[in-house]
Amino acid sequence: MDNRAIARLLYETADLMEVAGEDSFRIRSYRNAAGVIESHPEQISAILRDPARKVTDIPGIGKGIALVLAEIEERGSFERRDEMLEKYPAGALELLKIQGLGPKSIRLLFETYRCATIDDLERLCREQKLRELPRMGAKLEEKVLRSIAHYRQRAGRFLLSFAQEAAAEVTGYLTAPGIERITPAGSLRRGRETVGDLDLLVTGPAAPEALEKFVAHPKCQEVLGRGANKASIRYGHESLQVDLRALPAESYGAALQYFTGSKDHNVALRQRALKMGLTLSEYALAKIENNQRVAGAAEEEIYAALGLAWIPPELRENCGEIEAAAEGRLPALIELGHIRGDLHMHTTETDGRATLEEMAEACRQRGYEYLAITDHSKALAMANGLDEKRAIEFAHRVREMDSAGIRIFSGIECDIRRDGAMDLDHDALAELDFVIGSVHSHMNLEAAEMTDRLMRALECPYIRVLGHPTGRVLLHREPFPFDCDLIFAEAARRNVYLEINASPERLDLGAAMVRAAKAKGCKFVISTDAHHPRHLLHMSYGVLVARRGWLAPSDVLNTLPLAEFEKSIRKK
DNA sequence: GCCGTTTTCGGCCCGACTGTTTTCAGTCG
């Protein structure tokens, strides 16, 4: 079993233990162990099989978890987990995802009404049964119903990061002699922040064998269909639908274009083709009169034959990209290689998992010229946020650090309080190089109040970046509402950069808002919000969002060389 | 359940809000 699968067993068991009302510190140990295992560079099962080594050498894993791991290695589960699953249904894990219900309520609902599924819960709310229980009332029933609707609406979609990893797994698995190309298309290729299913295209003489191999993938849960040219499966525990299409090389470009979409982009493109006496399909671009092929092997040929510059997949949403391509004014989009520094990350000083030194070293290894350390401020008590005194002391430590080869700026991610005041006083903020202001609480304010709050935060002379501006968590929490036009215009006026938070769970701002903000004159930073060195890799997701938002390198602060970057943050 | 020790037991994260109470439990971040 791989590390991620082991971690999942531990996480799930911890959730069930919480429902069972077990000791919270023990539960935390399980979760902590799961997190450690998930990010461990080496396979745990390899360590378990090596008699010369001990898993207890890994911090966070003691005797108890070591026994659990041995049992998992042996039989794929462990006693406490089996016990929990006997007592509480697996559906309880799903119920925990409904906002407004926690472990205590789920236990009570199960013990009173045998409520074990989302459907049960919905029925109980409609029958007004929740209000018969202590400390539950009509408002909770309403909230739960709303939450169920939201949960169902997002069900079946997956984070871009998850889909990318699955695509990499499957393409790696299918790569073989006789396979010429194997490429993801669809919304994954367009870089959408969530993905419904995965479309993979394969060409080469061994393509039929690839289809064969595909349906035999060890993680294939179900074969949904299997023909001569296409197969479709449910993949992995999460049941992501993956389609694989085998194509002749001469149709590769047409198919890639067709399956990349979006639908609206393709409709507009086909209309353009018709006006030119051409017809575009997934097989080729051809003349209507005699069906003679004009293009098909490469996307570039197709766009060129339609009188268009090749359009990057991220722009293919029929939002002006075809007109821009026709007029030769597509933007020169930002690329990952343009990024010269990461400006939002955490360390063990607050809730990060790696030290200041480790984070800096990881940035240096990525070839960055600079970075900003931006731990939390005191309002985030659960993250051990910094108060004024600690923030200043920590800034001194950051500056005194040996930083050969990379420039380290001392910053903070300062909470924006409910009334829009910054969580730290201005004297403290003035001591820091780089202040991000972020909302972490009271996200359910009315739009007008939230707008006032953000306007006031922008007044602070020290704020340089508005962090994850809408607070959304993909598939989980909607963006909080505020008057974007007003806030974006004010941010532009005050020279406050908007963050594109590259964490795959956030991707906040999203692409549409990035484009709207750019139109208001805003500039941006793309930052990972890393809590661990491996999160620095998420920069690529942030760049995708920026590309979908039509940004060029000149729109993004952290593409600047060090000297210019420093000048920019000083002059505010 | 892990960790660290002034080692075999005590500490581990806590404040704010909400909706339900009649003094606070549960949820969230």
Side-chain angles (χ1 to χ4, degrees), chain A residues 9-11 13-37 54-72 78-81 83-84 95-111 125 128 130-147 346 348-352 376-387 413 415-419 423 438-446 449 467-468 471-473 476-478 480 503 505-506 508 529 531:
Chain A
L9 293 184
L10 294 177
Y11 278 129
T13 306
D15 283 350
L16 289 171
M17 285 162 70
E18 207 163 29
V19 172
E22 292 202 21
D23 174 64
S24 63
F25 295 113
R26 175 177 291 169
I27 294 166
R28 190 197 299 171
S29 294
Y30 271 77
R31 293 216 171 104
N32 184 46
V36 165
I37 288 168
K54 297 196 299 262
V55 281
T56 47
D57 288 341
I58 304 169
I61 298 180
K63 275 192 215 154
I65 300 282
L67 285 174
V68 162
L69 293 177
E71 210 181 334
I72 290 175
F78 57 102
E79 200 181 335
R80 189 180 286 276
R81 175 169 182 265
E83 236 172 67
M84 287 295 127
L95 292 176
L96 277 169
K97 294 181 183 156
I98 301 298
Q99 280 179 315
L101 288 188
K104 300 275 164 58
S105 308
I106 287 165
R107 180 183 181 183
L108 185 61
L109 284 166
F110 180 69
E111 287 176 350
C125 287
Q128 308 192 336
L130 263 56
R131 63 184 70 180
E132 291 174 16
L133 297 174
R135 296 195 166 274
M136 294 191 189
K139 286 222 174 139
L140 184 67
E141 285 167 352
E142 278 169 38
K143 181 177 183 178
V144 167
L145 283 173
R146 278 199 309 277
S147 189
H346 299 270
T348 46
E349 189 66 15
T350 62
D351 64 349
H376 289 291
S377 66
K378 63 180 189 275
L380 240 64
M382 68 165 278
N384 188 26
L386 306 173
D387 60 16
E413 184 183 19
D415 249 58
I416 296 171
R417 293 179 165 279
R418 179 175 185 153
D419 62 359
D423 185 35
S438 296
V439 167
H440 287 115
S441 59
H442 308 286
M443 299 198 187
N444 53 354
L445 302 182
E446 294 294 321
E449 196 180 352
H468 42 72
R472 76 170 175 183
V473 177
H476 181 70
R477 186 172 67 210
E478 294 294 308
F480 51 68
S503 164
E505 290 89 34
R506 288 191 185 269
D508 181 14
D529 201 352
H531 287 65

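All chains are named by letter (A, B, ...) in the order of the sequence lines, taking the proteins before the strands, and each is independently numbered beginning at 1.
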From B:dT18, B:dC2, B:dC24, nucleotide with atom closest to A:Ile65 side chain: B:dC2

Residues A:Leu95, A:Val19; criterion side-chain contact (heavy atoms from CB on, under 4.5 Å); working and verdict: CA-CA 11 Å; A:Leu95 292 176; A:Val19 172; over 6 Å; no

Touch class at under 4.0 angstrom, heavy-atom based, for A:Pro59 against every strand present: sugar-phosphate

Of A:Tyr30 and A:Leu101, the one whose closest DNA chain B nucleotide lies more 5': A:Tyr30

Atom-to-atom span, CD1 of A:Ile27 to P of B:dC13 - whole angstrom: 15 Å

Touch class at under 4.0 angstrom, heavy-atom based, for A:Ala14 against every strand present: nothing

Sugar-phosphate, base or nothing in reach of A:Ser441, heavy atoms under 4.0 Å: nothing

Touch class at under 4.0 angstrom, heavy-atom based, for A:Arg31 against every strand present: nothing

Contact check, side chains of A:Val68 and A:Leu9, non-hydrogen atoms, under 4.5 Å: no

Pairwise distance CZ(A:Arg477) to CD(A:Gln99) - rounded to 0.5 angstrom: 8.0 Å

Sugar-phosphate only, base, or nothing, as touched by A:Arg477 at under 4.0 Å among non-hydrogen atoms: sugar-phosphate

Closest to the A:Arg135 side chain, choosing from B:dG19, B:dG1, B:dT27: B:dG19

Minimum-distance nucleotide to A:Ser29 side chain [options: B:dC2, B:dT20, B:dG26]: B:dC2

Nearest listed nucleotide, side chain of A:Gln99, among B:dG1, B:dA16, B:dC28: B:dC28

C1'-based separation of B:dT21 from B:dC14 [nearest Å]: 23 Å

Exercise: do A:His346 and A:Asp529 side chains pair donor with acceptor under 3.5 Å: yes

Residues A:Glu71 and A:Arg81 bridged, charged N to O under 4.0 Å: no

Note: A:Arg418-A:Glu449 ion pair, threshold 4.0 Å (strictly below): yes

Sugar-phosphate, base or nothing in reach of A:Met136, heavy atoms under 4.0 Å: sugar-phosphate

Crowding at CD, A:Glu79 (>12 non-hydrogen neighbours, <6.0 Å): no

Pair assignment for B:dG26, Watson-Crick or G-U wobble, requiring both distances under 3.5 Å: B:dC17

For nucleotides 7-12 of chain B, list the nitrogen or oxygen atoms of the protein found under 3.5 Å from its nitrogen or oxygen atoms, one pair per line.
unit_1	atom_1	unit_2	atom_2	d
B:dC12	O3'	A:Arg28	NH1	3.3

Below 4.0 Å: OP1/OP2 of B:dC17 and any side-chain N or O of A:His442: yes

